[in-house]
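Below, read A as the first sequence line, B as the second, and so on, with proteins coming before strands; counting in each chain starts at 1.
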Protein chains: 2
Amino acid sequence: MRADEDLATAAARELAEETGLRAHDPGEPAPESGNGAHLEQLGTYGDPKRDPRMRVVSVAHLALAPDLPAPKAGGDANSARWAPVETFLEQDPEGDQTGPLAFDHAQILADGVERARSKIEYSSLATAFCPPEFTVGELRRVYEAVWGVALDPRNFHRKVTGTPGFLVPTGGTTTRQGGRPAQLFRAGGATLLNPPMLRPEV
Amino acid sequence: MRADEDLATAAARELAEETGLRAHDPGEPAPESGNGAHLEQLGTYGDPKRDPRMRVVSVAHLALAPDLPAPKAGGDANSARWAPVETFLEQDPEGDQTGPLAFDHAQILADGVERARSKIEYSSLATAFCPPEFTVGELRRVYEAVWGVALDPRNFHRKVTGTPGFLVPTGGTTTRQGGRPAQLFRAGGATLLNPPMLRPEV
DNA sequence: GGAATAGTGTCTCTAAGACATTATTTG
DNA sequence: CAAATAATGTCTTAGAGACACTATTCC
């Protein structure tokens, strides 16, 4: 953090420096220009033994974004890259604790994934994973990817288009390959979904 | 924080020093002995201007407890006392920002209240406001107090007793003044309510 | 008996889950 | 036409909201 920075400002700056993603303020919808990432504070990790070298207190943040520009080398993280979360969250069959992430970062990542899974149930935040204009099918694939389940396309369509303020039709349609064109939507003003979209029980 | 303390440990120690409340680990049910407070991290506040005197980053915690022992003077907070949240969250009709709490503490308190209101929807955490054994009516009054609404006693009874793992009858009954004795329950093992108990829309 | 509180039952309506069908494009 | 994807419709059932009634205590 710099001397004149808020926590969220510092997180947005670091995110931009290492990934090129520009974050917009939470609560506001994604900007028209696209590439705007939703950024929110996740939690603070301060166990005195989490980094054996020295006492470090980390304020973790979670970003949701539709597009992933090539990460920029340099800055704090020379080896920044994108990877699926499963790469780092697989249960180690041996049971030992040597995962691919340092310190408690696997726990932080798991907390972030759970936050995302939980938040898209009760909010319209899944649209943060979509470009400014998107189809119902694209939004459904966001839910399916985040939750790791398959959803019924017909019930999903009925649910999201029936929730007031969730989706606003732009009038446009997609040109696709081998299929009926889909209506385009953008995120509506609603931030809280009522009733929520509960993930199916396992 | 002390050099060997986790964030939660330090918060629990400060809470005990100033209020006498003993916190138990989150995830675990309240201890039999009673007086155990649920404690969880709320969020971290680090705006460089939040305290004009110096740069302070505060990790706020939220505690839920059934009993409120007399706060102990001494320690950091000489004037510790219990008060209803409304005392500090009333909207100032004048519109100026001079509330009774210092710095951004009104915002932190508002965030904590919203966290509590939201969490008792999807979890069995409302039992943290109850003593080890309690009645359905007591649990209902917790919901009514936290949400600030009136709930239908009959629908509430049906809902909470019908949710598996939420309540476990102890067999005992209360002795009351002028009314049918109520069954006593303790918190069951379930932590997540499915389906959730959604607060009524306003 | 009357007041007070606890607990059960019934009806209605919303919404989710399962599933069939129609619509519109490309090749 | 076949294949692919989008969109709408129907039926069933779980569960929330509204409301009436019965049960058990103290006064």
Side-chain angles (χ1 to χ4, degrees), chain A residues 120-122 124 126 130 133-145 147 149-186 190 192-202, chain B residues 120-122 124 126 130 133-145 147 149-186 190 192-202:
Chain A
I120 65 174
E121 289 190 306
Y122 310 109
S124 60
C130 293
E133 296 198 353
F134 54 90
T135 67
V136 173
E138 286 169 347
L139 185 63
R140 178 170 49 82
R141 280 181 283 275
V142 166
Y143 275 92
E144 293 178 329
W147 285 345
V149 297
L151 299 175
D152 186 292
R154 302 158 289 192
N155 293 336
F156 183 86
H157 190 282
R158 168 163 48 101
K159 170 74 179 175
V160 295
T161 56
T163 301
F166 194 3
L167 298 183
V168 178
T170 65
T173 55
T174 53
T175 305
R176 306 199 44 85
Q177 59 293 356
R180 172 176 176 174
Q183 270 188 282
L184 283 172
F185 296 86
R186 51 183 182 77
L192 253 62
L193 302 187
N194 201 313
M197 167 117 53
L198 297 175
R199 49 189 143 169
E201 291 194 67
V202 189
Chain B
I120 65 174
E121 289 190 306
Y122 309 110
S124 61
C130 294
E133 295 199 354
F134 53 90
T135 67
V136 173
E138 286 169 347
L139 185 62
R140 177 170 48 83
R141 279 183 282 276
V142 166
Y143 275 90
E144 292 178 331
W147 285 344
V149 297
L151 300 175
D152 187 293
R154 302 158 291 190
N155 292 336
F156 183 86
H157 190 282
R158 169 163 49 100
K159 169 73 179 176
V160 296
T161 55
T163 300
F166 194 4
L167 298 183
V168 178
T170 65
T173 55
T174 53
T175 305
R176 305 200 44 86
Q177 58 293 355
R180 172 177 175 174
Q183 269 188 284
L184 284 172
F185 296 87
R186 51 182 182 78
L192 253 62
L193 302 186
N194 201 315
M197 166 117 54
L198 297 176
R199 49 188 143 168
E201 291 194 66
V202 186

For [X] and [N], give me the distance from atom [atom1] to atom [atom2], rounded to whole Å.
{"X": "B:Leu193", "N": "D:dG15", "atom1": "CG", "atom2": "P", "result": "13 Å"}
{"X": "A:Leu184", "N": "D:dA6", "atom1": "CG", "atom2": "C1'", "result": "12 Å"}
{"X": "B:Gln183", "N": "D:dT24", "atom1": "CD", "atom2": "P", "result": "12 Å"}
{"X": "A:Met197", "N": "C:dT14", "atom1": "CE", "atom2": "P", "result": "20 Å"}
{"X": "A:Phe156", "N": "C:dA18", "atom1": "CZ", "atom2": "C1'", "result": "17 Å"}
{"X": "B:Asn194", "N": "D:dA14", "atom1": "CG", "atom2": "P", "result": "15 Å"}
{"X": "B:Asn155", "N": "D:dA14", "atom1": "CG", "atom2": "P", "result": "18 Å"}
{"X": "B:Glu138", "N": "C:dT5", "atom1": "CD", "atom2": "P", "result": "13 Å"}

Return the 5'-most residue of the pair A:Asp152, B:Arg158 with respect to DNA chain C, ranking by each residue's nearest nucleotide.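 It is B:Arg158 whose nearest nucleotide is closer to the 5' end.
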Assign each of B:Leu198 and B:Arg154 to its nearest nucleotide of DNA chain D by heavy atoms, then name whichever residue's nucleotide is nearer the 5' end.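 Checking each residue's closest nucleotide, the 5'-ward one belongs to B:Leu198.
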Using heavy atoms to find the nearest nucleotide of DNA chain D for B:Arg199 and B:Gly179 separately, return the residue whose nucleotide is more 5′.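 It is B:Arg199, whose closest nucleotide lies nearer the 5' terminus.
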Report yes if some heavy atom in the side chain of [X] is under 4.5 Å from a heavy atom in the side chain of [Y]; otherwise report no.
{"X": "B:Met197", "Y": "B:Val160", "answer": "yes"}
{"X": "B:Thr135", "Y": "B:Cys130", "answer": "no"}
{"X": "A:Phe156", "Y": "A:Glu144", "answer": "no"}

Are B:His157 and C:dA6 close enough that a side-chain N or O sits under 4.0 Å from OP1 or OP2?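 B:His157 to C:dA6 OP1/OP2: no side-chain N or O under 4.0 Å.
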With a cut-off of less than 4.0 Å, is there a side-chain N or O of B:Lys159 near OP1 or OP2 of D:dA16?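 Answer yes for this pair, as a side-chain N or O of B:Lys159 is under 4.0 Å from OP1 or OP2.
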Looking at B:Ser124 and B:Phe166, would you say the former's side chain and the latter's main chain have a donor-acceptor pair under 3.5 Å?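 Not at all, since once roles are kept as given, no pair shorter than 3.5 Å links the two residues.
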In sequence, state the C-alpha distance, the side-chain angles, and the governing distance for B:Tyr122 and B:Leu198, and then conclude on side-chain contact (heavy atoms from CB on, under 4.5 Å). CA-CA 8 Å; B:Tyr122 309 110; B:Leu198 297 176; 3.8 Å; yes
When all nucleic acid strands are considered with a 4.0 Å heavy-atom cut-off, which category describes A:Pro195: base, sugar-phosphate, or nothing?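 Answer is sugar-phosphate: A:Pro195 comes under 4.0 Å of backbone atoms only.
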